[in-house]
Every structure is written in C-alpha cells, then in structure tokens.
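Take a look at the structure below.
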Amino acid sequence: MKTLLKGGRVLDPSQNLDVIGDLLIENDQIVEMNGQEKLEPGDTIIDCTGLWVCPGLIDLHVHLREPGFEYKETISTGTQAAAAGGFTTICCMPNTDPPLDKRAIIEYVVTRAASSESGGIFVAPIGAVARGMGSDHLAEIASMKEAGIVAVSDDAFPIQDAEMMHQAMQYCKMLDLPIATHCEDLSLTRGGAMNEGAMSAVLGLKGMPRTAEDIQVARNCVLSISTGCRLHVCHVSTWGAVETIRKAKSLGAPVTAEVTPHHLILTDNATDGFDTNCKMNPPLRTQKDVDALREALADGTIDCIATDHAPHSLHEKQLPFSEAPFGIVGLESAVGLILTHLTHTGVLSPLQTIRAMSTAPAEAFALGGGTLIPGELPAAQITVIDPDLEWTFDVRKTFSKSRNSPFHGWQLRGKAVMTIWGDEVYRDGVMDARVSTQ
Amino acid sequence: MSLLDIRSLERSEIETYIREAIKYRNACTSGEPVPQVSGTVCLLFFEASTRTRASFESAARKLGLSGSFVAPATSSIQKGESILDTVVTLDYAGVDCLVIRHPSPGAPHKAAEVFDGGVVNAGDGCHEHPTQALADLLTIISRKGTVAGLTVAIVGDIVHSRVARSNAWCLTKMGAKVRFVGPLTLLPKDCSLLPVEPCDNLAAGLSDADVVMALRLQRERMNGYDLGSLAEYTQHFQINRESLKLAKDDVLVMHPGPINRGVELDDFAADSTFSAIHNQVENGIYVRMAVLANEFDKLRGDA
C-alpha cells in the first residue's frame, strides 16, 4: 500500500528544499520524491495542491499533566491536541505528580503514550534534573535515559544553586543529554505575577523583572561553556537573554533556545483587565522584547518555536490574577498564530518557519525527525499545512481538556490540516488511517 | 454597573459622585431627612479593615440599606470555597450590591464578571481604592475650592499603595498635577503609564506643593530590603514642621490612615490646621453613600 502526497509545496529545511512536488510513502516510510509512476490500483493519492508538505512538527515543551493532574490534561487528550495542531512529536515536561524522575515513571509515560488514542504521535519524555523536582539531589538521569528520556529539565523548579547546576551539566555531558532550563532567579520574582514594568505599576501586581531571567540565562550559558554540556534555554522572553545567547553561541557554546508563540505576539499590555489567560511564566514582556525575540528567531539566535502547552482547569484560572496558576494551552493554535503573525507578515520565510517548528527542535534534542529525506526515518513524520486557510480559533472546540488561552476568538490564516506518522493519518486531529482514493 | 477603579471612569462620572456626595453631606449635616434606598448590600472583606469597613457600614445605615458583613474567617472561604463561588452564592441569596476588599489586584473585577448586581471595590491589593480617592478629592475641593491646577505630592510607600494609584488617576482627571515621592525602593519601577511625575527626593517632591498626602509604610507587604530603617526613612521622608516649609504656605496635609504617628507624619503635620485627615474620614462616608446610592439607582435603571 502506497500513499502519494501530490502537488504540494514541499518544504524541508534539512535539505534546504522548497519545491512543488510529490512525496511517496510506502510501508510507513518516505521512499522518494516524485514517484507517481510507481502507484498501483488501490494506492492512495492525496491532493496537496496549494498546501505545504513539511517534516512533522516537533514541540519540545509540552505539559501533559499525567500522572497526577488528569483533570487538566491526560496523555491521551494531549496527544490528540498535538495531532490536531500538526505535531508528530511532543516532549513532555517532568513536573507531574509524581514527577518524571525515575525509570518506572518514564516507562509509564511511554507505555501510556503508545496506547493513547493518538498513539502515532511520539511522546518523548523529559526527565527531572533533581530527585522529586526542586530537591538538592540529582535524579537517576542515566536510568531514565535508558527508559527513553531525550533531555532533562528543571522546568517550573529552576535550580538556584550554581554548584548543583554545574554538577548536573557535567553528568548530562557524560550522558550526552541536553539540559533544558527555565531560567529564573527566584529571589527576584518571589510573589510576582506578571512582567515588572509600566503595566504592573498600573495594575498594582507584583512584577517579575526581566533581570531574573537574564541572570540565570547568563549563568547557565557560562556553565555550558565550562562543562561542554548541551544547554537548551526554554521559552526565552527578554531582549537581554537574547543578547546573552547570541554572545554564547558566538563563543561556540553548545546552546540552543526556544521561544513561544505568545511571547512572539503578545506584550504585557494584554494583562490589562486582569485576564488570567495572559498569566504565564516567563511573563509577557514589552514590545522591545517581542521585537528582539522576532529578530533572534529570524537570524537563528533562537532556534525553535515551542508552545509551553500548559493546561489548567477553569476553576484554577478563575482565581484572582495573583493567585491563578501560570500557563496557557498552545498545541492547537501554534501553527495558525505563527503563520498569521510571523510568516505571512514576512518575519520568517516558510522554510524558516518549518525549521523552527521541526528541523531545529529535532536537532536540539537529537530526536531523529525534522526531515523528509527518503529512508532517513523508520516511519514517515509529515505535517500538511494549508497556509491560506482562514479560521477562527475556538478554544472550546479543541482536544485539550483545558480552555486557558488568550487567543480564543482570534482570526487566523494558516492551519495544520493533516498529521501523518507512518500509515496513521490525522485530519483535524481525528485519526483516519484509511485514506480514500481521490 | 460597578465601581471597580478610577482609571476607567470619565471625568463626568467623578463629578457626579462628588456632586451626590455633597448632596448627602448637606442633608446629613443639616438634619434634613436623607433620601433612603431600599435593598441589600454585603460587605465582603477578605482583608482586615477598620476605617473602610466602618465607613461603608455607616454609609449603608444612613441610606437605610440592609446589610451584612462577611469576613473570610467566618465564611465558607475557610472551607475552601473560591471567591467566585462565594460571590455567585451571594447573588442567588438575593444580595443586590457587593462591597469587596481583597488582597489580590483585580479580584473585584473577577467578581463583577459573575455577579448580577453592583460591585464596589473597597481596595484590591496594591491596585486601587476608588472610594478613598473620591473622598480625598471631595476633601481637597472642600478645603481648596478646586483641584484643577493644584500640585499634589503623594509621599511614602507608593509601590504598595492602592490609594496612591486611585488618587493619581482621580486627581489628574480633575486637572491636578501629581507627584509620587519616596525612596526609589518604594516607587514603581516604571511610572510611564501612570499620570504622575516620580521623585525620589523629598525636597524636590514637596517644592511648591499645594497638597501633601502622606502614606503609611505597609510593612506587611515589604521585605527587609526596602528601607535602611524606619529611623532613616523618618529622617529623609517624614512630613513634619520642617519639611512642610518646602511646600506652599497654605499646604493641605492628608493621610488616608491608619497613621504611623512619628513615622510618616509628626504631630504638627497630623494635628495642625494644615491637616485634613479628619475631613477625609468624614467625607469618606458621604462619598460611599453616593457610590452605594448610585449602584442601586443603576440596578433600578434610574441612572
């Protein structure tokens, strides 16, 4: 059985490829470009005219909430949301309950992901740096690597002690694992709810200064240079952090970085009115920061776009602003937001867009995806995007269990319409393995 | 329907509140019957309060409103109920108007999203305290005749002060110039969206001021890094006989209370004829009568 994706705009940053062509899938694998002559009766042809055919999108920063917080999200609903958003691979953060800090928990997540409704979507767990998250003892990182982690992270519990981070990096260097860091000096952000600036002064909310991020990004870059450990800076939000990452890269540091759609599009002015759907960590910053993030993404200083998909229940987000939890859902709005506000506006080319959402994340965590090269991957990982589809993001109709998004009701142009893993094809998030002949 | 902050009010709305407050003050002080309002008001206070609570209770009583007071220590909040569930419950219980004090900025705004009646913000964290600003405005107008063209120096712990923010919006909308004066550690880090001139030097801040409003040091919201010591603050930022010489000769001294006597103010500043502190308290009742009456007018569709 073969499937031909016919006549699409094939965008593959791994080959610097941007052509109109056909892609042939056979026995789950991409076998070649432009192989229409090899089709037989009963094979499937999918008309991709006017659509982008890209390597499957990869999100390095997702919170699946299972185990422990299944009322917000489960592995099953999270992977369905991923499929609907065009992601073939998602990396899940370890701040669950219990946290992902042991081999057995990693095995649990891997097993649950494989048996979920969107089992074709690859879930790559990220292990905790510290035992129990937030403690001062390293977790059993080597054992977790054997069980399938692709990185470790202190997300939500940024390591404050420099010696501990230094040792963690040495350990991860030995294991050739990247360490993904949420960079925040907690002594500067205690009690903070939003960016410290003019808007926090108006609203009377305790601010989180950008220096809290800048300081830790700088420290971690220095430690990365010192240890040679691969450092991945999560959700960069300040112009100062951008400058530091740029400098570190120029010095040859093995540093990668990600930015979220919301930090690329919104400023702290969005918090006016106390909408808790605009409460995230790091907080929404200023236009100067947004401009710097966009420029850094375009020039490659920031490598990846990641959603930091962080589901929270309605009753939690209905709390007063300073008491509500940080975070928003992002898997199903990311493509539309990025295409509408960065690609169609000329900040990123289509190839740069796909590089930031697929090829670069694959490289950062050595995930093995992010390419359409025939035979390169054991199973095809492809996302088909309609770049001109105009639609309205309705968070109530998403697959995620949670509804916390500031983008509800936004008019968007561009949407992932098909997500393919091997012979599993998801259309608008629903698996449709039997593709009709057209 | 609700009074949640001064920032979103039009100047004409502020003028209406002041006009109504003067009407109630005249009625109360002349012994004439005060126009009565029927309905129920609930004071939902999630923070300790003496003067604001007493002021609202007095205002409600003078208007003939039936009311109740709910504090978290005696409410279902202790049992884990959220503020929004509490508010919805009070809505179904037939309460017409809520007066909310809460330590979190924006809490009354959240409540107003789910409460059908009127919501009055009685102070939300470090955000706003609109009825206090209206009381202060009425006090200045009563003592100075007008507020337009005056320079008002608000001195002290600005960053933690809801009174400072509400007054900044209120006074500037009415034509005054407002300075925020205090040590840099107690000023907002960025005042560019506030209609004020920040100043970390008392002499410069009080220069030619028509009104000096001292604020309490909110030590419960501070950490150990905000000040060298109370004595040092007193030495450099206290409003007293000496520092008032920097302001205009007919300067008006105000303080929303409670006063840390000997810290923000000395006895001279607090008790001399320059002081309008007691007027602020009294005017607070009339302003709150106007605000509550306005909420009930709107509920009846009269406003």
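Numbers restart at 1 for each chain; the letters A, B, ... are given by sequence-line order, proteins then strands.
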TODO: Apply ring-ring contact (aromatic ring centres under 6.0 Å, His included) to B:H127 and A:F274, showing your working.
DONE: CA-CA 11 Å; B:H127 177 222; A:F274 301 101; 4.9 Å; yes
Open item on the list: Counting C-beta onward and ignoring hydrogens, is there a side-chain heavy-atom pair between B:D124 and A:F321 closer than 4.5 Å?
Closed with: no
TODO: State whether the number of non-hydrogen atoms from other residues, nucleotides or ligands found under 6.0 Å of A:E163 atom CD is greater than 12.
DONE: no
Task: Max heavy-atom pair count under 4.5 Å with chain A, selected residue of B:P103, B:G106, B:P188, B:P108 - done: B:G106
Task: Test item: A:P320 and B:P105 side chains (from C-beta on) under 4.5 Å apart, heavy atoms - done: no
- [ ] Can you measure from NE2 (A:H315) to OG (B:S82) and round to the nearest 0.5 angstrom?
- [x] 8.5 Å
TODO: Please state whether the side chain, the backbone, both or neither of A:E196 comes within less than 4.5 Å of a heavy atom of chain B.
DONE: side chain
Open item on the list: Quick check on B:H160 against chain A: is it the side chain, the backbone, both or neither that has a heavy atom closer than 4.5 Å?
Closed with: neither
Open item on the list: Working to the nearest 0.5 angstrom, can you tell me the gap between A:L319 CG and B:I83 CD1?
Closed with: 9.5 Å
Open item on the list: Can you confirm whether more than 12 heavy atoms, excluding those of B:E10, are under 6.0 Å from its CD atom?
Closed with: no
Task: Atom of A:T276, atom of B:K110 and distance for their closest heavy-atom approach - done: OG1-NZ, 3.6 Å
TODO: Enter the distance from A:L203:CG to B:R7:CZ here, rounded to the nearest 0.5 Å.
DONE: 6.5 Å
Open item on the list: Just verifying a value: how many Å separate A:M199 CE and B:D190 CG, rounded to the nearest 0.5 Å?
Closed with: 10.5 Å
